[in-house]
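To start, the structure under review is shown below, and the notes come after it.
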There are 2 protein chains.
Amino acid sequence: MRGEIMNTEVDSKITDSEWEVMRVVWAQDNVTSKEIRKVLEQKKNWKPATTKTFIGRLVKKGMLHTETEGNKYVYSTNITENEFIKSTLNETFDNICNKDVGKTIVDLISKSTLSFQDIDRLEKVLEMKKKDAVEEVPCTCVPGQCNCKDDNCSSKH
Amino acid sequence: MRGEIMNTEVDSKITDSEWEVMRVVWAQDNVTSKEIRKVLEQKKNWKPATTKTFIGRLVKKGMLHTETEGNKYVYSTNITENEFIKSTLNETFDNICNKDVGKTIVDLISKSTLSFQDIDRLEKVLEMKKKDAVEEVPCTCVPGQCNCKDDNCSSKH
DNA sequence: CAAAATCGATTACAGTTGTAAACTAATGTT
DNA sequence: AACATTAGTTTACAACTGTAATCGATTTTG
């Protein structure tokens with residue numbers, strides 16, 4: 001943490017395909033192109049050239065760093081998978097009315113497989129949340145993109 | 001529900017811009033092009049022609065239906081916003097190791113504004129979840145995209 | 001009824017994404 | 001040293017996206 005600003009927001013947009021590449025890098029920390037290609041040839045049936053394209057684009061975007069080793073590169077990243085996931089989900093939730101976030105998370109939990117420990121942690125964070133829970137979540141949607149403001153909208157949420 | 005098959009999965013991929021249009025339709029159920037354009041000119045500064053393009057593409061994709069009224073259309077959809085959101089989030093979670101889902105939801109809750117009622121509902125669904133909670137969530141990632149299988153991976157999650 | 005406004009459809013066009021072959025330089029092999 | 005392999009770079013190209021102007025038909029307005 002040598003004095004850099006710790007920016008939580010991952011600004012780079014990446015595509016689904018690029019995400020596949022990133023997952024290999026996150027899982028292995030320092031990887032060669034060959035290792036990435038092997039994994040994704042398995043999973044996605046990508047030709048080596050295809051994977052190379054995505055790697056190249058990620059380097060150009062600054063998501064991957066390269067360290068020369070002989071004639072090849074070893075790839076790595078300084079963006080953590082967790083930060084990236086949070087950032088991606090944030091963007092999705094930007095498209096959802098704040099009032100609906102709770103229900104959306106309920107749905108999410110419903111269809112997920114969770115461990116006892118997960119449930120424990122979730123209960124704990126909910127306990128914390130009670131401290132700053134509100135009576136009614138304020139809607140910040142623009143008028144016309146949500147019917148919260150029509151009346152008090154309680155029937156809808 | 002006249003005998004159609006109720007398919008929960010929303011297959012159509014839509015873009016961010018198209019999502020903006022859909023939100024207007026969801027908020028108002030039956031809208032004219034003019035109403036959609038008005039909202040998005042406000043929010044996104046889109047020229048009328050731009051919004052028209054997105055509406056047209058959504059119709060072509062089958063996400064929007066049209067009903068003629070005079071020389072214009074009234075747009076509507078039979079995909080619910082909630083189903084769409086769930087479907088979108090599912091796709092995102094497909095990129096996340098099952099073992100990490102719990103922690104991801106914890107993060108999501110942490111940064112959301114929730115009402116007391118939301119928290120109530122969340123606690124309730126967690127209570128249900130305890131019935132089918134597991135000791136350890138099985139990872140289904142392909143090898144190389146997650147280090148769960150290296151050893152027992154407990155230190156990572 | 002003529003003119004203006006409006007609607008949906010068509011066309012435009014640059015940038016992004018998915019998919020991959022070809023090229024060039026370096027490395028490993030015989 | 002010659003040849004084969006491999007790595008990264010360049011080029012290709014169609015489909016999808018964002019952004020919008022234009023066009024042709026129709027409706028509203030004066």
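- For dT6(D), the OP1/OP2 oxygens have no side-chain nitrogen or oxygen of Tyr73(A) closer than 4.0 Å.
- Here dT17(D) presents its P atom at 6 Å from CD of Glu18(B), a figure rounded to the nearest Å.
- Only Ser33(B), Lys34(B), Arg37(B), listed by number, bring a heavy atom of residues 30-48 of chain B to less than 4.0 angstrom from any atom of DNA chain C.
- Two residues, Ala49(B) and Thr53(A), neighbour DNA chain C, and the one matched to the more 5' nucleotide by heavy-atom proximity is Ala49(B).
- At a cut-off of 3.5 Å, with distance as the only test, a side-chain donor of Asp118(B) or Ser115(B) sits close to an acceptor on the other residue.
- The CG atom of Asp16(B) sits 17 Å away from the P atom of dC16(D) (whole-angstrom rounding).
- Evaluation of the side chain to side chain contact (heavy atoms under 4.5 Å, CB included) rule for Asn82(B) yields Lys103(A), Asp107(A), Thr80(B), Lys86(B) as partners, not counting sequence neighbours.
- Checked against salt bridge (Lys or Arg N to Asp or Glu O under 4.0 Å), Asp120(B) has no partners two or more places apart in sequence or in another chain.
- For Glu67(A) and dA7(D), the CD to P distance is 17 Å, given to the nearest whole Å.
- Rounded to whole Å, the distance from CZ on Arg57(A) to P on dT10(D) is 14 Å.
- Between Thr15(B) and dC16(D), a side-chain N or O to OP1/OP2 separation shorter than 4.0 Å is absent.
- Closest-nucleotide positions on DNA chain C for Ser17(A) and Asn71(B) were compared, and the one nearer the 5' end corresponds to Asn71(B).
- Residues that satisfy the side-chain hydrogen bond (donor to acceptor under 3.5 Å, both in side chains) test with Ser17(A), not counting sequence neighbours, are absent from this structure.
- Counting non-hydrogen atoms under 4.0 angstrom, Lys52(B) reaches a base of the nucleic acid.
- The NZ atom of Lys61(B) sits 15 Å away from the P atom of dA15(D) (whole-angstrom rounding).
- The stretch residues 51-76 of chain B participates, sequence neighbours left out, in these salt bridge (charged side-chain N to carboxylate O under 4.0 Å, His left out) pairs: Glu18(B)-Lys61(B).
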Ignoring hydrogens and angles, write down the donor-acceptor pairs under 3.5 Å from the side chains of residues 41-49 of chain B, residues two or more places apart or on other chains.
residue: Lys43(B); atom: NZ; partner: Gln145(A); partner atom: OE1; Å: 2.8
residue: Lys43(B); atom: NZ; partner: Glu20(B); partner atom: OE1; Å: 3.0

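- Sequence neighbours left out, not one pair with a member in residues 116-140 of chain B passes ring-ring contact (aromatic ring centres under 6.0 Å, His included).
- Of the candidates Cys148(A), Cys141(A), Pro138(A), Cys148(A) is the only one forming a side chain to side chain contact (heavy atoms under 4.5 Å, CB included) with Lys99(A).
- When the P atom of dG8(D) is taken as reference, atom CG of Leu64(A) falls 11 Å away, rounded to whole Å.
- Spacing between atom CZ of Phe54(A) and atom C1' of dG8(D) amounts to 16 Å, rounded to whole angstrom units.
- First and last contacts of DNA chain C with chain B, using any nucleotide atom under 4.0 Å from a protein heavy atom and ordered 5' to 3', fall at dC7(C) to dA9(C).
- For the pair Leu58(A) CG and dT9(D) C1', the interatomic distance rounds to 16 Å; values are reported in whole Å.
- Grouping Ile, Leu, Val, Met, Phe, Trp and Tyr by side-chain contacts under 4.5 Å, direct or through others, puts Val137(B) with Val134(B).
- A close approach under 4.0 Å does not occur between any side-chain nitrogen or oxygen of Thr50(B) and OP1 or OP2 of dT19(D).
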